[in-house]
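Residue numbers start from 1 in every chain, and the chains themselves are labelled A, B, ... in the order their sequence lines are given, proteins ahead of strands.
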Protein chains: 2
Amino acid sequence: MVKVQQDDNTQEKILEAARAVFLEKGMDGARMQDIADRAGINKALLHYYFRNKEKLFETVFLEAASRFFPRMVNILTADTSLFEKITRFVHHYISMMAENPYIPLFVLNEVQKQPKTFLAKVFGNRRPPIEELAKQVKKEVAQGIIKPIDPRQLMINMVSLCIFPFVAKPVVQWVLKMDEKAYSAFIEARKTEVATFIIDSIRK
Amino acid sequence: MVKVQQDDNTQEKILEAARAVFLEKGMDGARMQDIADRAGINKALLHYYFRNKEKLFETVFLEAASRFFPRMVNILTADTSLFEKITRFVHHYISMMAENPYIPLFVLNEVQKQPKTFLAKVFGNRRPPIEELAKQVKKEVAQGIIKPIDPRQLMINMVSLCIFPFVAKPVVQWVLKMDEKAYSAFIEARKTEVATFIIDSIRK
DNA sequence: TTTGCATTTAACCAATTGGTTAAACTATAT
DNA sequence: ATATAGTTTAACCAATTGGTTAAATGCAAA
C-alpha cells in the first residue's frame, strides 16, 4: 500500500523537523508552525498526526531515549576491564550524542524546570547502574592498578567530557572558529582523545 | 535621600527576581508577571524600571558576565607555568559557577537559540584569549614536559569538567543520592580533584 | 465507481503575554 | 504647601500561538 508508505514518510518528516526545531529553540521556543513549515506540511496536518506539542515532543524524546539507555546499561554492567569499560562508554556515549545532539540540552532544561516529574518519566524506578563501576574502581584502586580517586568524581568527569561539547556546541564552534565539518572532526577525534585522557589520568 | 535608596532597593529586588525566574524558566519561559510577582511589585512598575524583557535580561546577564570574564582573562594570560595556570583556572571557574549557578544553563540556552546575536552581545568583538594557553601547551609538548595533546581538546576538557556538574546539578544529585550539603561538598572537592585529574592526565 | 485516508486551505477561537496608559495615592525634599 | 519621583490599580491593546474546524481535493484500494 502506497498510502501507508506516504503515511510513514510524513510522520518521519514531522519527527525530523521536530527534532531540528526542538534542538534550535528548545521546548518553549519551538513553534508548531515552524515544525510544520520545516516538514513541508501545514499546521492542520501536523495536529492530525500529533495531537499536541507535548505529545510530539514526548514521541521525539522517548524514541531517542529508548535507544540510549539499554546500550549504556550493557556497557556498564558488562564483564570487562575498567579501561575497556571506560573506552566503550566514551565511544558509545559520544556517538549517541552525535546522533541525537538535541537531547542533552533539552534534558538539562526539563530536569531543571521540574526535577521530580521529569526524572520519574525518564528513568522510572530504575537508576543508572553506577554501583558496578564504583566497585570496580575501588577494587582497582585497592589493587594499586590505578591512582586513588573518588569513583563519583570519576563518573561525573566521564559524563561531563562526553556531553558538554554538545550542549555548548555553538560556543565551541565560535571560540575555536570551526565550521560544521571541523566540528564533526573534532567530535570524532574526541571518541579516542577523551578515553585516553581519562585513562592516562588514573593509570599508575 | 531616602527616595534614591528606595529606588535602588526596588531595582535590586527586580534584578534578583529576574535572576531567579530566568534561571528556572529561561528567556522564553520567563514571564514578566512572574518576575514582578517575585519582586513583590506589579507589572507597570517593572516596566517603569526596565523598558522591556530584553533590556531586563541584558542587564541581569551582563552584570554577571562583567564580573566573570576579566578574572578568567587574567588567569589565562598570566605569566605562570601551565600546571599553575590549569590549577588556578579550575579553582576560579568552579568558584564562580558556584556563586552564579544560574548562569551556565542560561547561556547555553540563549546561545543555542540565537548564536550570533547572543555571542556578539556577550563577547562583543573580543574572544577568550585561548592562543596563549594553546602556545604554552604546544611548547611543553615539544619540550617533552607533557604528553602530546591537541590544545583545543584540552581546553574543552577543562571547561567541560568545570561547568557540567552545575548545568546537570539535579541529575547529579539524583544519581548520586546527594542532598544540598553533600552536593556542595562534592563541588568543593572538585576544585582540587579536577585540577589533579587534568594534570595527571597530561603529565609525563 | 465508490469508499476512505492523506492533505490542503483558510478561517477562526481562546488563552497567553509583552507592553501601554491614565488616574490616583504616598512620601519626601525643598 | 507644592512639586516630584516611586508606586499601585486596573483596564486595555496588539501580537503571538496552540489548537480546532469544516469544506474541498487528490488518490489509491476495493
Side-chain angles (χ1 to χ4, degrees), chain A residues 1-62 102 106 109-110 113-114 117, chain B residues 1-62 106 109-110 112-114 117-118 121:
Chain A
M1 280 198 281
V2 179
K3 267 192 198 162
V4 174
Q5 201 175 1
Q6 273 296 79
D7 187 9
D8 282 3
N9 268 334
T10 303
Q11 183 147 338
E12 191 43 48
K13 261 163 48 188
I14 291 174
L15 289 174
E16 209 175 307
R19 276 189 279 267
V21 175
F22 280 135
L23 160 64
E24 259 181 48
K25 309 286 184 180
M27 175 70 163
D28 286 324
R31 300 287 157 237
M32 293 299 267
Q33 189 61 60
D34 270 21
I35 296 174
D37 288 349
R38 191 162 329 200
I41 58 167
N42 51 40
K43 215 172 54 168
L45 190 60
L46 178 56
H47 281 91
Y48 177 80
Y49 274 86
F50 296 92
R51 196 171 308 147
N52 55 40
K53 198 176 171 180
E54 222 174 297
K55 285 279 171 199
L56 173 56
F57 180 79
E58 216 170 289
T59 305
V60 163
F61 176 72
L62 290 182
Y102 63 96
F106 175 77
N109 277 317
E110 292 309 309
K113 284 179 208 157
Q114 24 165 330
T117 317
Chain B
M1 281 198 281
V2 180
K3 267 194 194 154
V4 174
Q5 202 176 0
Q6 272 295 76
D7 186 10
D8 283 2
N9 267 335
T10 303
Q11 183 148 338
E12 191 42 50
K13 262 163 48 187
I14 291 174
L15 289 174
E16 210 176 305
R19 277 190 280 268
V21 175
F22 280 136
L23 158 65
E24 260 181 48
K25 310 284 185 181
M27 174 69 164
D28 285 323
R31 301 285 156 242
M32 293 298 268
Q33 190 61 59
D34 269 21
I35 296 174
D37 289 348
R38 191 162 330 200
I41 59 167
N42 51 42
K43 214 172 53 168
L45 190 60
L46 179 56
H47 280 91
Y48 176 80
Y49 274 86
F50 297 92
R51 195 172 306 149
N52 54 39
K53 197 177 173 181
E54 222 174 295
K55 286 279 172 199
L56 174 56
F57 161 81
E58 215 172 291
T59 306
V60 163
F61 178 74
L62 290 183
F106 182 76
N109 277 316
E110 294 312 311
Q112 186 79 255
K113 284 177 210 158
Q114 23 165 332
T117 317
F118 188 80
K121 196 176 273 181

Select one nucleotide: of [options], the one nearest the side-chain heavy atoms of [X].
| X | options | result |
| --- | --- | --- |
| B:Leu45 | C:dA6, D:dT7, D:dG18 | D:dT7 |
| B:Tyr49 | D:dT7, C:dG18, C:dA6 | D:dT7 |
| A:Ala44 | C:dG19, D:dA10, C:dA10 | C:dA10 |

Just how far, in rounded Å, is [atom2] of [N] from [atom1] of [X]?
| X | N | atom1 | atom2 | result |
| --- | --- | --- | --- | --- |
| A:Lys55 | D:dT20 | NZ | C1' | 18 Å |
| A:His47 | D:dT17 | NE2 | P | 13 Å |
| B:Asp28 | D:dT17 | CG | C1' | 13 Å |
| A:Leu46 | D:dT20 | CG | P | 11 Å |
| B:Asp34 | C:dG18 | CG | C1' | 13 Å |
| B:Ile14 | D:dT7 | CD1 | C1' | 11 Å |
| B:Leu56 | C:dT17 | CG | C1' | 15 Å |
| B:Phe50 | C:dT20 | CZ | P | 15 Å |

Closer than 3.5 angstrom, by distance alone: can the side chain of A:Arg31 be matched with the main-chain N or O of A:Asp28 as a donor-acceptor pair?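 Yes, because the side chain of A:Arg31 sits within donor-acceptor range (under 3.5 Å) of the backbone of A:Asp28.
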Mark yes or no for whether B:Lys55, through its side chain, and B:Tyr49, through its backbone, hold a donor-acceptor pair below 3.5 Å.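 Answer holds: no.
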Which is true for B:Ala30 with a 4.0 Å heavy-atom rule: it touches a base, it touches only sugar-phosphate, or it touches nothing?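 Contact class for B:Ala30: sugar-phosphate only.
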Looking at [N], I'd like to know if its phosphate oxygens (OP1 or OP2) sit under 4.0 Å from a side-chain N or O belonging to [X].
| X | N | value |
| --- | --- | --- |
| B:Asn42 | D:dT8 | yes |
| B:Tyr48 | D:dT7 | no |
| A:Thr10 | C:dT7 | yes |
| A:Arg51 | D:dG19 | no |
| B:Arg31 | C:dT16 | no |

Between CG on residue B:Leu46 and NZ on residue B:Lys13, distance to nearest 0.5 Å: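 Between atom CG of B:Leu46 and atom NZ of B:Lys13 there are 12.0 Å.
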With a 3.5 Å cut-off and just heavy-atom distances, do the side chain of B:Lys53 and the base of C:dG19 make a donor-acceptor pair?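 Per atom types, no contact qualifies.
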For A:Glu58, I'd like to know if atom CD has over 12 heavy atoms of other residues, nucleotides or ligands within 6.0 Å.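 Enclosed: over 12 neighbouring heavy atoms sit under 6.0 Å from CD of A:Glu58.
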Are A:Phe61 and A:Phe22 an aromatic pair by the rule of ring centers under 6.0 Å?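 Distance test on ring centres: not under 6.0 Å, no.
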